[in-house]
Structures are given as C-alpha cells and as structure tokens.
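The structure appears below as structure tokens.
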Amino acid sequence: MKPMKPARTRFAPSPTGFLHVGGVRTALFAWLVARQSGGQFILRIEDTDKIREVAGSIEHIQDSLKWVGIKWDEGPIKQSDRLDIYKKWAGKLVEQGRAYADPYSPKELQNFRDQAKAAKKPFLFRDHRPENLLKWDGSQPLRFKSDPKPYTWQDAVMGELSTGPEVIDDFILMKSDGYPTYNFAHIVDDAEMNITHVIRSQEFVASVPKYLNLYEALGLTPPVMAMLPYVMAPGGNKKLSKRDGAKDILDYAGEGYLPEAMLNFLATLGWNDDTEQEIFTTAELIKKFSLKEIHKGGAHFDERRLEWMNGFWIREKIEPDDLFARSKDFWPDEAAGYDDEYKKNVLAITRERLKYFAELPELTRFFFTDLAINPELISDHKQLKKLLPTELKELLEQAKASLEQSDFTVDDLTKRLNDLLERTGQKPAVLFSLIRIATTQAPASPGLAGTLAILGKDRSLARIDEQLAALR
RNA sequence: GGCCCCAUCGUCUAACGGCUAGGACACCAGGUUUUCAUCCUGGCAAUAGGGGUUCGAUUCCCCUUGGGGUCACCA
C-alpha cells in the first residue's frame, strides 16, 4: 500500500431539492478519498442563491447521506453564514486592483449576450478600459479583473487538460444582493477549509481556467482537481437530471433498497479497479477506490442492474438476523400479529426471490391472512385444467389424508409429498401445483414443503378443506 | 458558432501493443420433483469510420463522424 496523505474533501450541494443517484455518487467518491487517506469529509451547503433555495432541502440532503452511510466530519457549513468572509476576500481583490464594480446594467449585458449569440461567438466580458474599472461600493456586482492566459493543468480523473487565454473573462465575484457567486465562494471556502481535493461533476471543466486565474490573483495554490463524468439518464445521452424523472435517493430507501448495495452500484458506475470484480463491500471500496481509475466518459444509470445487485446483496451478503431487522417496516399489515420467529422463517424462505423489501407484501401475504378461494388458479393452470373436479378432489383428499399424519417438519413433509407422488402416479406439476394452490391461493410461492412447514398443520389442512369445498 | 472533453455488446465494464475481444446486467433456450425465484448450462450481442506507426493495433498518432459540456448577478 502506498502511503497517503490525509485528504480533506467536501461535498457541496446547493439546497435546491433532493439528491439523486448522480449527486450521491459525487458525494461517495469524495467521501471515499477522505476515508481511505484517513482525512476528513466536509459537508458544505452552497446556499448563495436565495431564489432557488427550497425549504427543507438541507435536512433532506443530510438524511440522504445518512441513509447511504456517508458520514461527514465537519458541517453542514452554510455559505450564507459566511458572508463577511467573502466580503473580506473581495475587499482584498479590490485593494489590489483585481476587482471592480460592473459598469453595465443587466439590460446592457443581455444585449451584449444577444449580440454574441447572433454573431455565433462566445460571450466574453473583459473590457479593461479605465472608464470601465469602477469603484465598488458593495451595492453593485463585483467583477474579477482577469489576466487572460493559456493554462495546462492536471486533472486527477481527466488527465492533462489545456486551454487558450480566450476562455477567461471577468466573471462576477459578488452579486448585487451581497451574496458571492459560486465561482468566488467555493474558491474562498476551499482555501479556508484547507480542501485538498475538489471532486465535482464534469460540467465545471470549462470554468477551471477562470478558477486558476483567480487562484493566482489570490496567491493560492489550487487543490487537486477531479472532474467526474456524468451519470447519464437511461435511454439517452443526457446527464441524469430531476427533470428527466431522476428519483430522490430516499425513494430507494422507501422501496427497501440496501444502502450497501446502493453504494456498491454507484461506485461501479464509472469506476472499477481494473479487475472483473463487481461486488464490493463499503470497506473494500474505501480500500480499493482510486480517482485515477474513474472513466472519462459518462455511464448510464440502469435501474435493472441496481435491482439485480440489491437482490444479490439480500440473498448473499447480509446475515439473516440483520436482514430481518432491516425488513421491519415492509411487512404486510396482516403480519402485525405474528411474532418475529414466524416472520424470520417467512423471510428466510422468501429472500431468494426478493429484490427489494417493498416486494415483501405481495410475496408473503398468504403466510399471514385468511384466503379467498381463487378458482382461476386452477381453471387457468396448464395441467390442472385438464382434470375433472372429481379427479382434483380425489387427489386433494389423498394429500389431506397423508398430511394429517405428518408432524409438519420439512423432512417429513418432503418424504410424504414424494410418497404421494408415487402412490398417485401423478406428475409433480399436477399434484404439487394442486396442493400449492390450495394452501396459498397465490400464483407463485416458495417451495411446497417449506411453505407448508411455516404455515403449520392446522392452517394447511384448513385451507385444503376450503379448497375441497370449493371444488364441488 | 468558439473553446474543451468523450467513444468496447442494448447497459455496466475487462483486455503490459500479442490467444477465437473476457465478465456482469438484461434478453432467449434448456436443466434442477410444481409455480415464481434461486442455481447450473448454452445462446444472442461490441472495438463508430478512414488513414497512418508497427511483424502485430481495442490499445499509440492524425482526420472524419457521432455524442456531451460550457459560453448567467445558477450552482
């Protein structure tokens, strides 16, 4: 293992709503870098746009991170609580002659933009004529006086990146409402918080030269930059977004996904460790993750793969008692009166067909409730519909007679069911289906012997009687 | 439009410049004493195109094409 300096990373969402899988993946990667180096992970809230802020999102974001198990060491730190800090830094730039009050009105600027667009040229603002460099009184937007030049820099994910001087312009540092822009605030904060790795989504690549220019003006050494490829919406080439129906990460919590599986899935969206391994525990991720191995291209979000992975975690990676503890909120209402032992048995026999806990009610309801006879299960059954009601009745009577003698252990039931097969000369597709339908009234259920054993003798025989009565 | 970035099965991905381009999801078929599922076996399916460099390119270089990002008093 190579020695690693403790990294300080941050996740800096704006409180404009919920977090979807793309946002959580960004947080995850930043968190992994901090954890694997023994450093700190900071949660910072970028709430400098009061208009777009959505009430309650800060709590919601924290709940989301907590659910997946991403714990922050510092924060949440709100930028809106730090306005005097940005003002102080802005003042320094003004003193140095590296910032000036915007000489134009919003309307005039919009005009410039429209002209640039009509001429199919990029809009750049960097007119340093003396009459433009106005004194700032704090009530106007404050612009950075840029020093356009070419840059070449190393990105931890993208590798070497470079641009010419033409991409740098005099961007706004402070808005007229007294709040800083993202472009300014994040640089001040990252410096003040001693952030070592800025890990964020790829849309910021184009702005990095401007940031580099500002770092220079501020006399700061830039942190390591790591630009993450997008998580793409399924079926398209656009990045996943709330507008395209990206779900709140907490919706997955509500559907009974496991946070470990979610993390495993997100980590392998755009990253792998150069092997064919695809199941990673969180501890393995902390150990093996590396920014260098992140792909440069976007990765599509495939919910079917998430489902498969969650099912895999449910049946292979979680201990039965732990799994049961996590299933608590998902049982059907009818299960309320049943004790934990009974439910544990039901879960044990059901887990292999469970992809997420929200499926629990439909998969297990017949273990808990009284059943209404559904004649279609027999009339629609490929094999059973060929038999006369009297034949079905005769078969069920035989089954009942044998089961009445059983102690209803799985072993004994299995043995009796096999004997019955021989004695009646029936195919399992007929005999077992009939008993299964009689005792569960469900189109699908777990293995017959195991199901009967959980149902118990009284209830199983009672259901067979009900089915017999219905076959008249 | 300028600038920047990206490109292996439908999807997630593997392949010191060197086997018939591998695995997984999904899908299809078969098997395991019923159903659904699990599990096992098999199948379908990719290096965007064109030039180089090389004994040999998925891999390195160039061009084309395609896709994406960005050009806000949003982050």
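Quick note on labels: first sequence line is chain A, next is B, and so on, each numbered from 1.
When heavy atoms are screened at a 4.0 angstrom cut-off, A/G311 is found touching no nucleic acid atom at all. At a threshold of 4.0 angstrom between heavy atoms, the contacts of A/T440 with the nucleic acid are absent. Note on A/S176: a base of the nucleic acid sits closer than 4.0 angstrom, heavy atoms only. When heavy atoms are screened at a 4.0 angstrom cut-off, A/M158 is found touching the sugar-phosphate backbone but no base atom. Using a 4.0 Å heavy-atom distance criterion, A/D102 is classed as making no nucleic acid contact. Across all strands shown, A/S162 has heavy atoms under 4.0 Å from sugar-phosphate atoms exclusively, and none from any base. Using a 4.0 Å heavy-atom criterion, one finds that A/T268 contacts the sugar-phosphate atoms exclusively. Nucleic acid contact for A/F265: none, since no nucleic acid atom lies under 4.0 Å from a heavy atom of the residue.
Taking the ring centre of A/F280 as origin, the terminal cationic atom of A/K288 falls outside the region bounded by 6.0 Å and 45° from the ring axis. A cation-pi arrangement is absent between A/R143 and A/Y100, since the terminal nitrogen or guanidinium carbon is not both under 6.0 Å from the aromatic centre and inside a 45° cone about the axis. For the pair A/K247 and A/Y252, the cation sits on the ring face: its NZ or CZ lies under 6.0 Å from the ring centre, inside 45° of the axis.
Remark: A/H300 is in phosphate contact with B/C12, judged by side-chain N or O atoms under 4.0 Å from OP1 or OP2. Within the structure, a side-chain polar atom (N or O) of A/N272 is placed less than 4.0 Å from OP1 or OP2 of B/A14. Considering only side-chain N and O atoms, A/K382 lies nowhere under 4.0 angstrom from the phosphate OP1 or OP2 of B/U35. Applying the 4.0 Å criterion to OP1 and OP2 of B/C39, one finds that A/R315 has a side-chain N or O inside that range. An OP1 or OP2 oxygen of B/A72 is reached within less than 4.0 angstrom by a side-chain nitrogen or oxygen of A/R113. For B/C6, one of the phosphate oxygens OP1 or OP2 lies less than 4.0 angstrom from a side-chain nitrogen or oxygen of A/K296. Within the structure, every side-chain polar atom (N or O) of A/K117 is placed at least 4.0 Å from both OP1 and OP2 of B/U70.
Heavy-atom distances to RNA chain B give each of A/A119 and A/P180 a nearest nucleotide, and the one nearer the 5′ end belongs to A/A119. Residue whose closest nucleotide on RNA chain B sits further toward the 5' end, between A/L269 and A/Q202: A/L269.
Closest to the A/T163 side chain, of the nucleotides B/A75, B/C4, B/U13, is B/C4. The nucleotide whose nearest atom lies closest to any side-chain atom of A/A206 is, among B/A24, B/A75, B/U70, B/U70. Comparing B/C25, B/U38, B/A75 by their closest approach to the side chain of A/R52 singles out B/A75. Checked against B/A14, B/C74, B/U35, the side chain of A/R436 finds its nearest nucleotide in B/U35. Closest approach to the A/D302 side chain among B/G69, B/C4, B/U11 is made by B/U11 (side chain taken as heavy atoms from C-beta onward). The side chain of A/R143 has B/C73 as its nearest neighbour among B/C73, B/G2, B/A75. Residue A/H295 has its side chain nearest to B/U13 when only B/G22, B/C4, B/U13 are considered.
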Output, in order, the C-alpha distance, side-chain angles, deciding distance and verdict of salt bridge (Lys or Arg N to Asp or Glu O under 4.0 Å) for A/R326 and A/E260.
CA-CA 12 Å; A/R326 295 162 187 250; A/E260 293 94 332; 2.6 Å; yes

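The line from OG of A/S201 to CE of A/M227 is 9.0 Å long, rounded to the nearest 0.5 Å.
Taking atom C1' on both nucleotides, B/U65 is separated from B/G51 by 14 Å, rounded to a whole Å.
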